[in-house]
Amino acid sequence: MKISFENPDKVNGLLTLTVETADFQDRVEKTLKDLRKKAQLPGFRPGQVPMGMIKRQYGEGVKAEEINKIIGEELYKYVNENKIKMLGEPMANEGQEPVDLEKDAPYVFNFDIAVAPEFKVELTDKDTLDYYTIKVDDDLVNRQIDMFASRAGHYDKAEEYQANDMLKGDIRELDENGNTKEGGITVEGAVLMPDYIKVEDQKKLFEGCKLGDIITFNPKKAYPESDVEVSSLLKMKKEEVADLTSDFSFQVTEISRFVKAEVNQELFDTVYGKDEVKDEKAFREKIAEGLKEQLANDGDFKFLVDLRKYLEEKVGKLEYPDALLKRFMLAQNKDKGEKFVEDNYEQSIKELTWHLVREQLVEANGIKIDDADLKETAKEAARAQFAQYGMTNVPEEYLENYANDMLKKKEFVDSLVDRSIDRKLVATLKNVVKLTPKEATLDEFNEMMKGE
């Protein structure tokens with residue numbers, strides 16, 4: 001087999017494979033012999049079908065299949081051995097003539113290869129980047145305590161409605177005279193939170209209502225942009241409320257008021273386990289400690305975002321084989337068409353550039369990922385997930401089980417590999433570049449991260 005590669009402009013490559021008879025003949029013969037052993041045709045015992053019949057029936061198909069396998073094997077072998085940094089997959093050259101395999105070899109196949117642009121990126125202690133630490137102040141600790149108290153709260157019964165209360169009552173459709181409509185819509189025990197009513201004059205109808213009061217309101221006016229909320233309240237299908245215009249009565253049968261848990265030993269035990277924290281001072285210190293650990297990951301994430309911007313500017317605009325990459329992108333998104341490619345090409349190139357930059361940094365710093373890294377990343381993801389629900393003292397065995405479940409699912413593994421690489425890259429590069437320490441409140445930090 002002859003293989004040649006032309007790469008005149010460094011990013012557009014043309015790889016030509018010339019397949020001779022000797023390249024595929026032995027493989028075709030072997031495959032046909034294997035087929036003969038299994039072939040079952042009327043009038044012949046298994047394995048005794050004449051080879052001539054096997055060749056006539058299967059020869060061309062086997063030949064095409066073996067040539068296709070050889071092309072794939074040799075193409076990728078050549079690319080790897082010659083260290084061609086190929087982007088995406090090879091594509092048949094647009095000028096490729098149809099190859100007639102019924103004719104004798106040689107057969108010539110041309111492939112367009114998108115080649116990664118050449119560039120070099122380095123980081124040293126002469127490169128300076130900001131590193132943000134989120135300030136764990138009293139305000140942040142208070143917010144966390146408030147969240148814990150809310151999670152551990154309960155509903156008490158009340159006699160008169162106040163903001164944020166939840167009402168339970170019976171809903172009945174009214175006729176044009178304001179009387180209960182015969183055969184109209186009725187819902188007993190409907191739950192309603194007036195604070196979530198979108199229109200102010202409808203919301204005010206419920207102000208100061210007491211047990212037993214009957215309020216007349218209009219659900220469609222109360223939720224003018226959401227048939228989903230109306231259908232949920234009236235226990236109907238969404239399409240059934242589309243043309244609904246009636247007023248309804250709501251007779252209050254129950255008023256429930258949410259009460260946050262008190263900051264006492266019971267709350268301490270709920271959050272951190274029995275007798276782990278003895279007083280409010282220790283509770284606040286424990287919260288602050290947990291927040292520092294949790295928010296350190298946010299600082300690392302911002303560092304990675306800032307690092308990416310810094311390196312993209314440092315590398316500058318790279319030359320890509322745009323026409324070829326757009327062809328490849330279109331082939332991958334046939335159902336979305338050329339407009340999708342044009343609308344998304346620039347962003348895909350931005351992501352590709354970062355991928356190539358990151359790849360160089362990973363190789364230059366000898367970063368490798370093993371099973372232990374993936375396990376730790378999965379456990380970190382589990383901790384973050386539990387922390388969102390206010391669970392900060394999750395036993396190690398639960399984290400271990402959660403991580404093991406994630407690692408069994410292929411859809412999670414690729415993401416965990418990427419996150420593991422990012423974690424190691426950040427940890428390494430924080431010791432390479434010069435860091436300028438900066439501090440920000442959580443609100444300031446979140447403002448900075450908007451749109452990132």
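When reading the values below, keep in mind they use all heavy atoms of this one structure, side chains included, and skip hydrogens, waters and symmetry mates.
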Less than 4.5 Å apart, side chain to side chain, heavy atoms only: is that true for Asp146 and Lys260?
yes
Can you check whether Leu442 reaches Leu295 side chain to side chain, under 4.5 Å on heavy atoms?
yes
Thr353-Tyr320 side chain donor-acceptor pair, cut-off 3.5 Å
yes
May I ask you to check whether Asn297 and Arg423 show a side-chain donor-acceptor distance below 3.5 Å?
no
Classify the ring geometry between Tyr155 and Phe258 as parallel (under 30°), tilted (30 to 60°) or perpendicular (over 60°).
perpendicular
Check: Thr428 side chain, Lys424 main-chain N or O, donor-acceptor pair, under 3.5 Å:
yes
Do Glu444 and Lys135 meet the salt-bridge criterion of a basic N to acidic O distance under 4.0 Å?
no
Taking the basic N atoms (NZ, or NE/NH1/NH2) and the acidic carboxylate oxygens, is any pair closer than 4.0 Å for Lys434 and Asp127?
no
Quick one: closest heavy-atom pair of Val241 and Ser231, and the distance?
CG1-CA, 4.1 Å
Check whether more than 12 heavy atoms from other residues, nucleotides or ligands sit under 6.0 Å from atom OH of Tyr76, and answer yes or no.
yes
On the six-membered ring of Tyr402, is Lys379 placed so that its NZ or CZ lies under 6.0 angstrom from the centre and within 45° of the ring axis?
no
Would you mind checking if Arg383 and Glu376 are paired as a salt bridge, meaning a charged N to carboxylate O distance below 4.0 Å?
yes
Answer yes or no: are there more than 12 heavy-atom neighbours, outside Phe119 itself, under 6.0 Å from its atom CZ?
yes
Is the number of heavy atoms from other residues, nucleotides or ligands within 6.0 Å of CG (Asp343) greater than 12?
yes
Lys/Arg-Asp/Glu bridge criterion (N-O < 4.0 Å) met for Glu118, Lys85:
no
Does any donor atom in the side chain of Asn12 or Asp9 lie under 3.5 Å from an acceptor atom in the other side chain?
yes
Got a sec: does the NZ of Lys221 have more than 12 other heavy atoms crowding it under 6.0 Å?
no
Count the heavy atoms of every other residue, nucleotide or ligand shown that sit under 6.0 Å from CD of Glu346, and state whether that count exceeds 12.
no
Under 4.5 Å between any side-chain heavy atoms of Asn333 and Met329, yes or no?
yes
Does Asp373 pair with Lys368 as a salt bridge, N-O distance under 4.0 Å?
no
Would you call Glu313-Lys309 a salt bridge at under 4.0 Å N-O?
no
Nearest heavy-atom neighbours spanning Asp112 and Leu324
CB-CD1, 3.8 Å
Got a salt bridge between Glu400 and Lys375, using NZ or NE/NH1/NH2 to carboxylate O under 4.0 Å?
yes
Salt bridge (charged side-chain N to carboxylate O under 4.0 Å, His left out) evaluation trace for Asp139 with Arg143
CA-CA 6 Å; Asp139 178 60; Arg143 287 195 223 175; 3.1 Å; yes
Lys30 and Asp26 ion-paired at < 4.0 Å:
no
Flag side-chain contact, heavy atom, 4.5 Å: Glu285 against Lys281
yes
Should Glu29 and Lys55 count as an ion pair when the cut-off is N to O under 4.0 Å?
yes
If you measure from the Lys or Arg side-chain nitrogens to the Asp or Glu carboxylate oxygens, is any gap between Glu60 and Lys103 under 4.0 Å?
no
Is it true that, when you exclude Lys314 itself, more than 12 heavy atoms of the residues, nucleotides or ligands shown sit nearer than 6.0 Å to its NZ?
yes
Considering only NZ, NE, NH1 and NH2 on the basic side and carboxylate oxygens on the acidic side, decide whether Glu94 and Arg327 come within less than 4.0 Å.
yes
Using distance alone, with no hydrogens and no angle criterion, decide if Asn110 and Thr16 have a side-chain donor and acceptor under 3.5 Å apart.
yes
Under 4.0 Å between a Lys/Arg side-chain N and an Asp/Glu carboxylate O for Arg308 and Glu351?
yes
Does the cation-pi check pass for Lys286 over Tyr272, that is, NZ or CZ under 6.0 Å from the six-membered ring centre and within 45° of its axis?
yes
How far apart are the C-alpha atoms of Lys450 and Glu447, what are their side-chain angles, what is the distance that settles it, and do they pass the salt bridge (charged side-chain N to carboxylate O under 4.0 Å, His left out) test?
CA-CA 5 Å; Lys450 274 185 181 176; Glu447 190 62 33; 3.2 Å; yes
Counting heavy atoms not belonging to Asp243, are there more than 12 under 6.0 Å from its CG?
no
Using 4.0 Å as the upper bound for N to carboxylate O, is an ion pair formed by Glu338 and Lys326?
no
Does Lys69 pair with Glu66 as a salt bridge, N-O distance under 4.0 Å?
yes
Assess whether salt bridge (charged side-chain N to carboxylate O under 4.0 Å, His left out) is satisfied between Lys204 and Glu200, documenting all intermediate values.
CA-CA 6 Å; Lys204 283 184 177 179; Glu200 201 61 34; 5.4 Å; no
Sequence neighbours excluded, the answer for side-chain contact (heavy atoms from CB on, under 4.5 Å) partners of Lys235 is Val187
Which is it for Leu17 and Phe111 under the side chain to side chain contact (heavy atoms under 4.5 Å, CB included) test, yes or no, and what are the steps along the way?
CA-CA 8 Å; Leu17 298 94; Phe111 291 93; 3.5 Å; yes
Over 60° means perpendicular and under 30° means parallel, so tell me whether Phe283 and Phe148 are parallel, tilted or perpendicular.
tilted
Among side-chain atoms of Tyr345 and Asp322, is any donor-acceptor pair under 3.5 angstrom?
yes
Side chains of Tyr132 and Asp306: any donor to acceptor distance under 3.5 Å?
no
Hey, is CG on Asn80 packed in by over 12 heavy atoms from elsewhere, all under 6.0 Å?
yes
I'd like to know if Asp130 pairs up with Lys438 as an ion pair, taking the criterion as any Lys NZ or Arg NE/NH1/NH2 lying under 4.0 Å from an Asp or Glu carboxylate oxygen.
yes
Residue pair Asp269 / Gln265, side-chain donor-acceptor N/O under 3.5 Å
yes
If only atom types and distance count, is the side chain of Asn93 paired as donor or acceptor with the main-chain N or O of Gly95 below 3.5 Å?
yes
